[in-house]
Participant: 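The structure that follows is given in the form of structure tokens.
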Amino acid sequence: MAFRGPGMWLWRDRRPKVLLWRWRRNPLRRRSDVVEAWVLLGAWAVAVLTGVLAGWGAADSMERGLARERAEWHKVEGTLTESAPPPSADPQSPARTEFLWTKVTWPGPDGIPHSGQVRVPAGSSAGTHVDVWTDARGRLVTEPTTPSQARLRSTLVGTLAGATTAAIPFVAGRLFRGRLERRRMDQWGADWARFDPLWGRRQTG
């Protein structure tokens, strides 16, 4: 199969490509081929290294943070200060859902009562005791993750962080390689423009 080159037809070499040909000594190897080989090798090495380190760091940080939440957050008993509306069949009513936001109070670590809103079953009456989760300062928080949930979340975050970080040097290497390729083609065209007249005179002579 042939493809059109500047001023001539070139035939594609059907021989199998030699592995790591840019690293082998041969008279056709150009300086740009060596530079391109080092660029690709460096981009891959940096991408793998930074991806692994970033992924491991993000996953470890996430898992440590979730473990700290499990250790510091605790469950306390709160009391509803207002009644939740009963379930409604009207689709326009806010009480159409099974759980509604309702005001609740709970004692803080220092004994001072705190107040906030939690989701409780529709129809819950004022004075009902409910369990709420608070942090070390008595602020209302969500229920902490379980160890298995924390591992899964940490794995997902680490994978995303590693892939994102590794993509930066990889894309940079590809862009630099494309620039080298364009420069090589421009140089090849300029060389052919100088060589073509000499080749033509030799053929006709």
Side-chain angles (χ1 to χ4, degrees), residues 39-178:
V39 168
L40 292 178
L41 179 61
W44 275 105
V46 174
V48 172
L49 181 61
T50 57
V52 170
L53 292 178
W56 179 84
D60 183 69
S61 177
M62 172 66 70
E63 193 161 2
R64 287 177 181 271
L66 296 178
R68 185 169 57 253
E69 291 179 354
R70 290 195 301 272
E72 296 178 354
W73 295 0
H74 54 280
K75 186 189 299 184
V76 298
E77 187 178 78
T79 305
L80 297 182
T81 58
E82 65 179 14
S83 299
S88 175
D90 184 3
Q92 301 300 325
S93 173
R96 66 184 184 277
T97 58
E98 297 181 358
F99 290 86
L100 300 172
W101 291 98
T102 309
K103 292 182 179 180
V104 63
T105 60
W106 66 91
D110 53 2
I112 299 177
H114 295 254
S115 62
Q117 287 190 331
V118 295
R119 288 173 62 87
V120 297
S124 299
S125 59
T128 301
H129 296 289
V130 294
D131 292 329
V132 296
W133 287 90
T134 62
D135 60 12
R137 300 177 59 181
R139 295 173 300 187
L140 198 64
V141 294
T142 59
E143 183 177 356
T145 59
T146 63
S148 60
Q149 292 173 338
R151 284 192 297 271
L152 176 60
R153 186 178 300 181
S154 301
T155 301
L156 294 177
V157 171
T159 302
L160 180 60
T164 303
T165 305
I168 297 175
F170 177 77
V171 172
R174 298 290 295 183
L175 293 176
F176 188 69
R177 181 190 179 187

Participant: Can you measure from CZ (Arg153) to OG (Ser148) and round to the nearest 0.5 angstrom?
Facilitator: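 Nearest 0.5 Å value for the CZ-OG distance: 11.0 Å.
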Participant: To check you understand the geometry: which heavy-atom pair defines the closest contact between Met62 and Val157, and what is its length?
Facilitator: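 Answer, listing the atom of Met62 first, then Val157: CE-CG2, 3.7 Å.
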Participant: Can you find a pair of side-chain heavy atoms, one from Val130 and one from Trp106, that are under 4.5 Å apart?
Facilitator: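 The answer is no, as the side chains (C-beta and beyond) never meet within the 4.5 Å cut-off.
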Participant: Parallel, tilted or perpendicular for Trp44 and Phe170, by the 30°/60° rule?
Facilitator: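 Ring orientation of Trp44 relative to Phe170: perpendicular.
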Participant: Rounded to the nearest 0.5 Å, what separation is found between the CG atom of Asp135 and the CZ atom of Arg68?
Facilitator: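 Interatomic distance, Asp135 CG to Arg68 CZ, rounded to 0.5 Å: 12.0 Å.
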Participant: To check you understand the geometry: which heavy-atom pair defines the closest contact between Ala166 and Gly51, and what is its length?
Facilitator: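 Between these two residues, the closest heavy atoms are CB-CA, 3.9 Å.
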Participant: Which atom names give the shortest non-hydrogen contact between Ala84 and Pro121, and what distance separates them?
Facilitator: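 Reported closest heavy-atom pair: CB-O, 3.9 Å.
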Participant: Measure the OG1-CD distance between Thr145 and Glu69 for me, rounded to the nearest 0.5 Å.
Facilitator: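 So the gap between those two atoms works out to 6.5 Å.
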Participant: Check whether any side-chain heavy atom of Glu72 sits under 4.5 Å from a side-chain heavy atom of Pro144, and report yes or no.
Facilitator: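 No, too far: nothing below the 4.5 Å cut-off.
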Participant: Considering only heavy atoms from C-beta outward, does the side chain of Ser125 approach that of Thr128 to under 4.5 Å?
Facilitator: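 Side-chain contact under 4.5 Å: yes.
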Participant: Are Thr102 and Ser124 packed together at the side-chain level, in the sense that at least one heavy-atom pair is separated by less than 4.5 angstrom?
Facilitator: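 The answer is no, as the side chains (C-beta and beyond) never meet within the 4.5 Å cut-off.
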Participant: Around atom CZ of Arg64, are there more than 12 heavy atoms of other residues, nucleotides or ligands at under 6.0 Å?
Facilitator: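 Atom CZ in Arg64 is not crowded, with 12 or fewer foreign heavy atoms closer than 6.0 Å.
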Participant: Hey, could you give me the CD/OG1 distance between Gln117 and Thr81, rounded to the nearest 0.5 Å?
Facilitator: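 It is 9.0 Å, given to the nearest 0.5 Å.
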Participant: Should Thr134 and His74 count as side-chain neighbours, where that means a heavy-atom distance under 4.5 Å?
Facilitator: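 Heavy-atom side-chain distance check passes, below 4.5 Å.
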Participant: If you look at every heavy atom in Ala122 and Pro86, which pair is closest and at what distance?
Facilitator: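 Closest heavy-atom pair between Ala122 and Pro86: CB-C, 4.2 Å.
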Participant: What pair of heavy atoms forms the shortest contact from Thr164 to Leu160, and how long is it?
Facilitator: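 Heavy atoms only, the tightest pair is OG1-O, 2.8 Å.
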Participant: Can you tell me how far apart CG (Leu66) and OG1 (Thr146) are? Round to the nearest 0.5 Å.
Facilitator: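 Between Leu66 CG and Thr146 OG1, I get 10.0 Å after rounding to 0.5 Å.
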Participant: Distance from Ser61 atom OG to Trp56 atom CH2, nearest 0.5 Å?
Facilitator: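 Ser61 atom OG to Trp56 atom CH2 measures 10.0 Å (nearest 0.5 Å).
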Participant: Answer yes or no: is there a donor N or O on one side and an acceptor on the other, between the side chain of Thr159 and the main chain of Thr155, under 3.5 Å?
Facilitator: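 Flag set: sc Thr159 to bb Thr155 pair under 3.5 Å.
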Participant: What are the two closest heavy atoms between Thr105 and Ser115, and how far apart are they?
Facilitator: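 Looking at all heavy atoms of both residues, the closest pair is CG2-CB, 4.0 Å.
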